[in-house]
Amino acid sequence: MTTSSRGSAGRPARAVTKALEGTARRTVLPSGLRIITESIPSTRSASLGVWVGIGSRDETPAMSGASHFLEHLLFKGTHKRTALEISAQIEAVGGETNAFTTKEYTCYYARVLDEDLPLAVDVLCDAVADSLLDPADVEIERGVILEEIAMHEDEPSDEVHDIFTETIFGDHPLGRLISGTEESITPMTRNQINSFYRHRYTAPQIVVAAAGNLEHATVVRLVRRALAGTALDASPADPAGPRVRKRVRHQKAHTVVRNRDTEQAHVVLGGVGIGRLDERRFALGVLNNVLGGGMSSRLFQEIREKRGLAYSVYSYASQYADAGLLGVYAGCAPGKVEEVLDIVRGELEQVAAKGLTAEEIARGKGMVKGSYVLGLEDSGSRMSRLAKSELLYGDLMSVDELLTRVDAVTREDIDAVAAELLTQPMSLAVVGPFDEAEFGRR
């Protein structure tokens, strides 16, 4: 079905709406901006997100950290509201608002009572479409971000993951820090950030997602009214599709040691993974859960439960449009690093050679399905599901279809992905009281 209204130039502008799974609906505005909602009448809350398909991988080296910088600045004031008014208006009705930046997208979100959704739409759309980027605010937030970068460096359990990612992707944008570095943030000018904002934050790149006690037509009307006359009330255009996949070069496997005077050593061992559109992602999800996805996983049982060598140990898979990585993290006493890594390598080799048991496969499937379904219990997670499906996949897979895909994973599927990913040369990232030469001899 379609709805129509008048465009800003007086010409007819048509918005196309279609039904999706269940109570989900999707409307594409003439500008290419998409609005996707899910009605959940049983709740009294509503979650709203303005998602922009731009992240840190879209930056040049000189602009590294621009997306994250911009995320901070969009809450600092518009022509209609001051920074205080943006936060105070949402908090005055008991709501919450925040934002986050990833390598491939940025999200600005709010959660409010259902009756306050019109306010949330107006505040978030105003902030994303019409931020002032005042020079004084740029300097204030520059200082905040530099402190954030320094704070991150003081958290070795976080830092080691960034180092590992860089060992895999090198100087490719996927290997850079989302926050940027002191060297990139310090010289970045207001004009550079504003240019990035106006050229990247365009209507075809934006998805407005909402879930909760709402009506789709009402949300569409609220969004159109909030964006009228802004830069996002633009000329007709098609919405951007999922990110175009490109060949991503990977680094040769190597070890990076960051010397820190810490009581605990932090290590990540792993290698290249698969992209999020790879059909093997369901098999990898099962494999990852059995390997190191919970307290019953092989790594947790062998390293923590049986030997008490580490408090935290787990495996994880990160997936992007055209690349991915698979890693195992452990935090342990410096003197136990060699033993922990030997056990990790041994478990990886055993799984690659002998595969998983039928019981493990069944448990792994149950973990994947349960975590997915239980993760959809609130309006915020449902809102995120809508937006990510639209931005990253271009389609909303039903819950039943996803569960069916997981159930369809076979032992042969898991054996194949394990044989490929767990036998490759592995990179190692270490943060702790070691120098590189010393660690290389361990």
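Everything numeric here is computed off the predicted structure, so don't read it as measured data.
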- Task: For residues His254 and Thr167, report the shortest heavy-atom separation together with the two atoms involved.
- Result: CE1-O, 3.2 Å
- Query: Arg176 side chain to Gly170 main-chain N or O, any donor-acceptor pair under 3.5 Å?
  - Reply: no
- Item | Any donor-acceptor N/O pair, Ser64 side chain to Pro61 backbone, under 3.5 Å | no
- Are Thr186 and Leu146 side-chain neighbours, meaning at least one heavy-atom pair lies under 4.5 Å? yes
- Message: Taking side chain to side chain contact (heavy atoms under 4.5 Å, CB included) as the criterion, tell me which of Leu287, Leu269, Asn288 meets it with Ser315.
- Response: Asn288
- Task: Would you please test Arg411 and Leu356 for side chain to side chain contact (heavy atoms under 4.5 Å, CB included) and show each step?
- Result: CA-CA 8 Å; Arg411 180 190 300 274; Leu356 306 179; 5.5 Å; no
- Can Arg385 and Glu21 be said to form a salt bridge (Lys or Arg N to Asp or Glu O under 4.0 Å), step by step? CA-CA 12 Å; Arg385 170 179 173 253; Glu21 173 210 2; 2.5 Å; yes
- CA sep, side-chain torsions, deciding dist, call: Thr106, Glu71, side chain to side chain donor-acceptor pair (under 3.5 Å): CA-CA 8 Å; Thr106 307; Glu71 174 213 313; over 6 Å; no
- Query: Would a 4.5 Å heavy-atom cut-off, applied to side chains only, mark Tyr372 and Val406 as touching?
  - Reply: no
- Note on the structure: Shortest non-hydrogen pair, Arg34 vs Pro239, comes out as NE-CB, 3.4 Å
- Message: I'd like to know if the side chain of Thr410 pairs up with that of Asp413 as donor and acceptor (distance under 3.5 Å, no hydrogens or angles considered).
- Response: yes
- Task: Report the relative orientation of the aromatic rings in Phe164 and Tyr316; use parallel for angles under 30°, tilted for 30 to 60°, perpendicular for over 60°.
- Result: perpendicular
- Message: Would the distance check show the side chain of Glu420 and the main-chain N or O of Val417 forming a donor-acceptor pair, the cut-off being under 3.5 Å?
- Response: no
- Message: Just so I know, are the side chains of Thr97 and Ile86 near enough to count as touching, which here means a heavy-atom distance under 4.5 Å?
- Response: no
- Query: Which atoms form the tightest heavy-atom contact between Arg382 and Ile40, and what is the distance?
  - Reply: CD-CD1, 3.4 Å
- Just by modelled atom types, is the Thr189 backbone N or O under 3.5 Å from a matching donor or acceptor in the Gln192 side chain? yes
- Message: Classify the ring geometry of His172 against Phe169: parallel below 30°, tilted from 30° to 60°, perpendicular beyond 60°.
- Response: tilted
- Query: Taking 4.0 angstrom as the limit, do Arg276 and Glu104 come out as a salt bridge?
  - Reply: yes
- Task: Output yes when Arg57 and Asp322 qualify as a salt bridge under the 4.0 Å nitrogen-oxygen rule, no when they do not.
- Result: yes
- Task: Would you mind checking if Arg25 and Glu38 are paired as a salt bridge, meaning a charged N to carboxylate O distance below 4.0 Å?
- Result: no
- Are a donor atom and an acceptor atom from the side chains of Gln89 and Arg81 found within less than 3.5 Å of each other? yes
- Main-chain N/O of Val128 paired to Ser131 side chain as donor or acceptor, under 3.5 Å: no
- How far apart are the C-alpha atoms of Asp122 and Leu222, what are their side-chain angles, what is the distance that settles it, and do they pass the side chain to side chain contact (heavy atoms under 4.5 Å, CB included) test? CA-CA 7 Å; Asp122 194 56; Leu222 291 170; over 6 Å; no
- Between Val112 and Leu119, does a side chain to side chain contact (heavy atoms under 4.5 Å, CB included) hold up when you go through it step by step? CA-CA 9 Å; Val112 294; Leu119 172 66; over 6 Å; no
- Note on the structure: So salt bridge (charged side-chain N to carboxylate O under 4.0 Å, His left out) across residues 185-211, not counting sequence neighbours, yields none
- Task: May I ask you to test the Val256-Glu166 pair for a side-chain heavy-atom distance under 4.5 Å?
- Result: no
- Query: Between Lys103 (side chain) and Tyr320 (backbone), is there a donor-acceptor pair under 3.5 Å?
  - Reply: no
- Task: Could you tell me whether Arg243 and Asp58 make a salt bridge, using a distance below 4.0 angstrom between a side-chain N and a carboxylate O?
- Result: yes
- Under 3.5 Å, is there a donor-acceptor pair between the side chain of Lys76 and the main chain of Asp137? no
- Query: Hey, are Ser39 and Thr23 close enough side-chain-wise for a donor-acceptor pair under 3.5 Å?
  - Reply: no
- Check Pro30 against Arg14 and note the closest heavy-atom contact, atom names and distance. CG-O, 3.1 Å
- Where do Arg298 and Val351 land on the side chain to side chain contact (heavy atoms under 4.5 Å, CB included) test, with the steps shown first? CA-CA 10 Å; Arg298 289 194 178 200; Val351 171; 3.4 Å; yes
- Could you tell me whether the side chain of Ser312 reaches within less than 4.5 Å of the side chain of Tyr329, counting heavy atoms only? yes
- Message: Between Lys388 and Leu392, is there a side-chain heavy-atom distance shorter than 4.5 Å?
- Response: yes
- Atom of Asp233, atom of Ala228 and distance for their closest heavy-atom approach: OD2-CA, 3.7 Å
- Message: Would you say Ser296 and Gln301 are linked by a side-chain donor-acceptor pair, where the criterion is simply a distance under 3.5 Å?
- Response: no
- Are any side-chain N or O atoms of Thr43 and backbone N or O atoms of Asn213, one a donor and one an acceptor, separated by less than 3.5 Å? no
- Item | Donor-acceptor pair, side chain of His199 and main chain of Ser195, under 3.5 angstrom | yes
- About how many Å separate CG of Leu386 and OG1 of Thr37, when rounded to the nearest 0.5 Å? 7.5 Å
- Task: Could you go through the side chain to side chain donor-acceptor pair (under 3.5 Å) check for Glu159 and His266 one step at a time?
- Result: CA-CA 9 Å; Glu159 184 185 18; His266 302 270; over 6 Å; no
- Evaluate the ring planes of Trp51 and Phe100, with Trp represented by its six-membered ring, and classify them as parallel (under 30°), tilted (30 to 60°) or perpendicular (over 60°). perpendicular
- Are the side chain of Ser31 and the backbone of Ala234 linked by a donor-acceptor contact shorter than 3.5 Å? no
- Message: With a 4.5 Å cut-off on side-chain heavy atoms, are Leu73 and Tyr197 touching?
- Response: no
- Message: Using a strict threshold of under 4.0 Å (side-chain N to carboxylate O), is an ion pair present between Glu85 and Lys80?
- Response: no
- Query: Rounded to the nearest 0.5 Å, how far apart are CD of Glu96 and OH of Tyr109?
  - Reply: 6.5 Å
- Item | Heavy-atom pair of closest approach, residues His79 and Asp130 | ND1-OD2, 3.0 Å
- Message: Quick one, Leu402 and Val373 - any side-chain contact, counting heavy atoms below 4.5 Å?
- Response: no
- Item | side chain to side chain donor-acceptor pair (under 3.5 Å) evaluation trace for Ser67 with Glu59 | CA-CA 8 Å; Ser67 298; Glu59 303 159 353; 2.9 Å; yes
